[in-house]
Student: 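Below you will find the structure I want to go over with you.
Below, chains carry the letters A, B, ... as their sequence lines are ordered, and counting in each starts from 1.
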Number of protein chains: 2
Amino acid sequence: MEYDINDFKNPLFTVDSVLFTVKDEQLKVLMVKRSNEPFSGRWGLPGGFVDVDRDDTTDMTALRKLKEKTGAKPQYLEQLQVFSGISRDPRGFSVTLVYFALIAEQEVSSRIDTVDEAQWIGINQIESLAVAFDHKLIIKQAQERLQQKTLYSMIPVYCLPEYFTVGQLKSVIETIIGKTIQRKSLIRRIEAADMFETVDEKVKSGGRLAQLYKVKEGVDIVNFERNLSGA
Amino acid sequence: MEYDINDFKNPLFTVDSVLFTVKDEQLKVLMVKRSNEPFSGRWGLPGGFVDVDRDDTTDMTALRKLKEKTGAKPQYLEQLQVFSGISRDPRGFSVTLVYFALIAEQEVSSRIDTVDEAQWIGINQIESLAVAFDHKLIIKQAQERLQQKTLYSMIPVYCLPEYFTVGQLKSVIETIIGKTIQRKSLIRRIEAADMFETVDEKVKSGGRLAQLYKVKEGVDIVNFERNLSGA
DNA sequence: GATTAAAAGTGTCACTGAGACACAATATTA
DNA sequence: TAATATTGTGTCTCAGTGACACTTTTAATC
């Protein structure tokens, strides 16, 4: 019941990424202005074809393409989902593996500012933008996944620089889920997660000096057993 | 920065499924004995190439392949993950989109019994089986996902026939997560989820007659805000 | 028919972690 | 020095799970 490879038209396979960051209290997505067909002139997600000579896995394809656009490696990367279909690409049946990535805005700001091919687009502006393929839908799904994960894990730290304060993390979380959370709840989770350590340094923040935290070496994302509700 | 399709060797793209069921208090996976190279004679996951003339999406590829082996459509189907790499298939760089599916054992028992090409293999026997590709790893990941989802949703109902009792659901859940749960907790969740309705019929079960339940029409899986801990 | 065993189903208290919010501590600024 | 802003703590409430005793309803056995 196995077939010879050549019996079939192999579908078009690409790797795209939804790279999020939080900047100016807004969730942003990295979009690239397309200069080739199809959808030339429209905005699309950064991505492209696997280069089997350079990529050991599709993860590397995603990272390579992101590096081309941002000059940096995202702090978090996971698979979102595969989108496939006969009609999503005019060239024929296509399959896109979409990754979902996070990075601190500071890591890439210089590069992005000088290249006008790639831009951070506010999540709310996506709706009214000329977007290629089904990338609008893909971004929506990625946003939902990010919001969901934010309720039971600490992934939003990957939108922050190495050292960060509770206040910054709180702000990023609130931006992502679009609701306010209790500072106290966040602190409890920071302690319970045991994935952060305090840095012997404090930073000014408009009031009392804030304690700096960093992610411990080699720790994985902790999943909590309850969701935040976000009032 | 876009490339012509023909510049690249398109990687080998296949769709496989990890179809689970619970039978005799054991979690089982549908495995197929391979009759073609590579790995002829070994056991592998049901799957194959996309047929762009018959499949509108990769979901249909997965369903079509499962139907070939079991004669039935799984009650639950979702994407698990893509597995890719230069060395997982001797034919070259390969990409496999793996689905994760559930079905009631009763739906397919007759078919499976008559075909010796496809078999339900107990999850604990996989380790010592001659398995093709990286399918052992894939099954392990699928099992973890199933266990995780079982803690915060009711997906295990899709391992049961249309009408089922609380006792049956409890047993299936316990088999999946490998721990006992409180009957009371399960009943509370059944009520809170609001995705089941009682059937005006009871069934004998060795003691007091048990209330039959069924999944309401058109409802989606409900995700709870807390995990079960399973003592 | 009475007795026992087995599973279904209920009542309720304890425990855990999030929500809410008051309050204390420490910085800046006027 | 006082006002203000933000950090950080103390603690009560609330919701949902865990635990477990207890009741109900059936089949099986005597």
Student: Between P on C/dT10 and CD1 on B/I190, what's the gap in Å once rounded to a whole number?
Tutor: 11 Å
Student: A/E191 has an atom CD; how far is it from atom C1' of D/dT7, in whole Å?
Tutor: 14 Å
Student: Salt bridge check: are A/E144 and A/K140 linked by an N-O gap of less than 4.0 Å?
Tutor: no
Student: Any ion pair linking B/E217 and B/K214 (charged N to carboxylate O, less than 4.0 Å)?
Tutor: yes
Student: Distance criterion of 3.5 Å, no angle test: do you see the side chain of A/R188 paired donor-to-acceptor with the base of C/dG19?
Tutor: yes
Student: Less than 4.0 Å between a side-chain N and a carboxylate O, is that true for B/K216 and B/D194?
Tutor: yes
Student: Are a donor atom and an acceptor atom from the side chains of B/E78 and B/Y76 found within less than 3.5 Å of each other?
Tutor: yes
Student: Does C/dA20 have OP1 or OP2 sitting under 4.0 Å from an N or O in the side chain of A/Q182?
Tutor: yes
Student: Let me know the distance between CG of A/L151 and C1' of C/dG19, rounded to the nearest Å.
Tutor: 14 Å
Student: Give a yes or no on whether a salt bridge exists between A/E117 and A/R34, defined as a side-chain N under 4.0 angstrom from a carboxylate O.
Tutor: no
Student: Does A/K184 make a side-chain donor-acceptor contact with the base of C/dG19, cut-off 3.5 Å?
Tutor: no
Student: Report the nucleotide, chosen from C/dG9, D/dT17, D/dA19, that has the shortest atom-to-atom distance to any side-chain atom of B/S185.
Tutor: D/dT17
Student: Please produce a list of atom pairs where a protein N or O lies less than 3.5 Å from an N or O of nucleotides 25-29 of chain C.
Tutor:
| unit_1 | atom_1 | unit_2 | atom_2 | d |
| --- | --- | --- | --- | --- |
| C/dA25 | N3 | A/R208 | NH1 | 3.2 |
| C/dT26 | O2 | A/R208 | N | 3.4 |

Student: Within this structure, what is the CG-to-C1' distance between A/L186 and C/dG19, rounded to whole angstrom?
Tutor: 14 Å
Student: Roughly how many Å is it from CZ in A/F224 to C1' in D/dT17, rounded to a whole number?
Tutor: 19 Å
Student: Using whole Å, what does the distance between atom P of nucleotide D/dA15 and atom OH of B/Y152 come to?
Tutor: 25 Å
Student: Suppose we call a contact any N or O donor and acceptor under 3.5 Å apart; does that hold for the side chain of B/R226 and the base of D/dG16?
Tutor: yes
Student: Reckon A/R183 touches a base, only the sugar-phosphate, or nothing at all at heavy-atom distances under 4.0 Å?
Tutor: base
Student: Base, sugar-phosphate, or nothing for A/E225, non-hydrogen atoms under 4.0 angstrom?
Tutor: nothing
Student: Just how far, in rounded Å, is P of C/dG17 from CG of A/N223?
Tutor: 15 Å
Student: Under 3.5 Å, is there a donor-acceptor pair linking the side chains of B/Y152 and A/N227?
Tutor: no
Student: Ignoring the backbone of A/A210, work out which of D/dT7, D/dG18, C/dG19 is nearest its side chain.
Tutor: D/dT7
Student: Report yes or no: is the cationic atom of A/R88 (NZ for Lys, CZ for Arg) under 6.0 Å from the centre of the six-membered ring of A/F83, at an angle within 45° of the ring normal?
Tutor: no
Student: Report the distance from atom CG of B/L169 to atom C1' of C/dG9, rounded to the nearest whole Å.
Tutor: 15 Å
